[in-house]
Chemist: 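Mind having a look at this structure? Questions to follow.
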Amino acid sequence: MDSKADWFQRLLLPGLAFKAVVIGGGYATGRELAAFFLPSGPQGGLYGILLSTVIWSVVCSVTFLFALKTRSLDYKTFFQNLLGPFWPVYEIAYILALIVIVAVFAAAAGAIGSVVLGWPPIVGALALMALIAAAAAWGNESVERLFKYVSVLLYGTYAAFVVLAFTRFGDRILSAFATPAPTTGWAMGGLTYAGYNIIGAIVILPVVRHLTSSREAVLAGAIAGPLAMIPALLFFICMAGFHPAIQGELLPSDFLLEQLDMPAFRILFQGMIFAALLESGTGGVHAINERIAHAYEQKHAKTFTKTARFAVTTALLAASVFLADRIGLVALIADGYRWLAYAFLMIYVLPLMTWGLWKLTRKTGSGEAATA
């Protein structure tokens, strides 16, 4: 671990990186919020969001602590320590999941390009894929800078959006939360949403190298949940003003931007979403690159080159664009994400919160845990 890493890298960067991975195509566009939280009504949706946040914080804390104690800075090492000889089960699930998740990003980018600029959907998808390939090719430092600067744009844009929304249709928002409505299904919605997104804690393992103590690992994980969920919470509150009609919108974000009737801010917001898709896709692909780079360097004693990183990224993205073009954004989120949630709860969260916690309590020092 880098003992000279500053407090930002140790405590905030893991949460910002986690946010970068989970915000993706459905979160930033509002499509995921409409699918998993709005069906439970405004109040029920808030319960579900709170449940997801707690799950993220708890699992991130244990994940970071386990990674620190076992020196697991890529997902292969992490799951070798957690699952032993069964670790390839996670790798298979992760690669399939990444293709589905990046396909959602590609579909969202295509939808944004079509709505805002009138492009054919494939053009926006290919533009995003090209930028992800370029960013992922440059390794850890490039990816971390992307997380940092896009986060500034993202939080600032969401804050401005909330202020404008309450200025233009705040009465609708307040009325939605004041009106009693059924909250059925909020727990399942929150669990499912947390379940398929929690993979982000594994995706960002490379940034865990900055942590220097167990206390920092637990604190960084606890902070990660709220850091990742605050933009979603703010956006959901604004969406609730148009419940239930907004549930059927392909891009709830663009629907709300039309209600604001501010063309310049609409372009800014959609640009922010595109940037969020870029950081999410880059984070997901970077985890694959880091896993391959680690194995390659151990076997050949050579550095995994930028050209090799670019080739791996391009292959993954090509499969994702094909899937996005064939299935579409709504279907990918509604069907694909639910199955991903069940898979990762079974092969990651359940083992971590049982066997993983037992291993952590059994070991009294990081030196012992490193040999586990």
Chemist: Among E290, Q80, E91, whose side-chain hydrogen bond (donor to acceptor under 3.5 Å, both in side chains) with Y75 holds?
Modeler: E91
Chemist: So, the side chain of R31 versus the backbone of E249: is there a donor-acceptor pair under 3.5 Å, distance only?
Modeler: yes
Chemist: Using atom types as modelled and distance alone, determine if a side-chain donor or acceptor of R209 lies under 3.5 Å from a backbone N or O of P206.
Modeler: yes
Chemist: Check Y196, W186, F236 against F36 for a ring-ring contact (aromatic ring centres under 6.0 Å, His included) and give me the one that passes.
Modeler: Y196
Chemist: Would a distance-only check, ignoring hydrogens and angles, find a side-chain to backbone donor-acceptor pair under 3.5 Å from E216 to L11?
Modeler: no
Chemist: Once you round to the nearest 0.5 Å, how far does CD1 of I204 lie from SG of C60?
Modeler: 6.0 Å
Chemist: Can you confirm whether V62 sits close enough to M353 that some side-chain heavy atom of one is under 4.5 Å from a side-chain heavy atom of the other?
Modeler: yes
Chemist: Has the side chain of S114 got a donor or acceptor atom that lies under 3.5 Å from a matching backbone atom of G110?
Modeler: no
Chemist: Write down the atom of V208, the atom of L68, and the distance for their closest heavy-atom approach.
Modeler: CG1-N, 4.4 Å
Chemist: Sub-3.5 Å donor-acceptor pair from the side chain of Y193 to the main-chain atoms of A35, do we have one?
Modeler: no
Chemist: Any side-chain heavy atom of F344 sitting closer than 4.5 Å to one from V349?
Modeler: no
Chemist: Is the F161 ring parallel, tilted or perpendicular to the F235 ring (thresholds 30°, 60°)?
Modeler: tilted
Chemist: Under the 3.5 angstrom rule, does the side chain of T179 hit a backbone N or O of S175 as a donor-acceptor pair?
Modeler: yes
Chemist: Does any part of the side chain of F269, heavy atoms only, come nearer than 4.5 Å to the side chain of Y158, both counted from C-beta?
Modeler: yes
Chemist: Would you find more than 12 non-hydrogen atoms of other residues, nucleotides or ligands less than 6.0 Å from Y296 atom OH?
Modeler: yes
Chemist: Can you give me the closest heavy-atom contact between S61 and A222, atom names plus distance?
Modeler: OG-N, 3.0 Å
Chemist: Say whether, by atom type as modelled, one donor and one acceptor occur between the side chain of T361 and the main chain of W358 under 3.5 angstrom.
Modeler: yes
Chemist: Do F37 and I49 come within less than 4.5 Å of each other through their side chains, counting heavy atoms only?
Modeler: yes
Chemist: Could you measure the distance from the CG atom of L191 to the CD1 atom of I198? Nearest 0.5 Å is fine.
Modeler: 11.0 Å
Chemist: Can you tell me if K76 uses its side chain to pair, donor with acceptor, with the backbone of A295 under 3.5 Å?
Modeler: no
Chemist: Just wondering, do L352 and L357 contact through their side chains at under 4.5 Å, heavy atoms?
Modeler: no
Chemist: Look at the side chain of T29 and the backbone N and O of S253, then say whether any donor-acceptor pair between them is shorter than 3.5 Å.
Modeler: no
Chemist: Quick one, L33 and P252 - any side-chain contact, counting heavy atoms below 4.5 Å?
Modeler: no
Chemist: Give a yes or no answer on whether the side chain of Q9 reaches the backbone of D6 with a donor-acceptor pair at less than 3.5 Å.
Modeler: yes
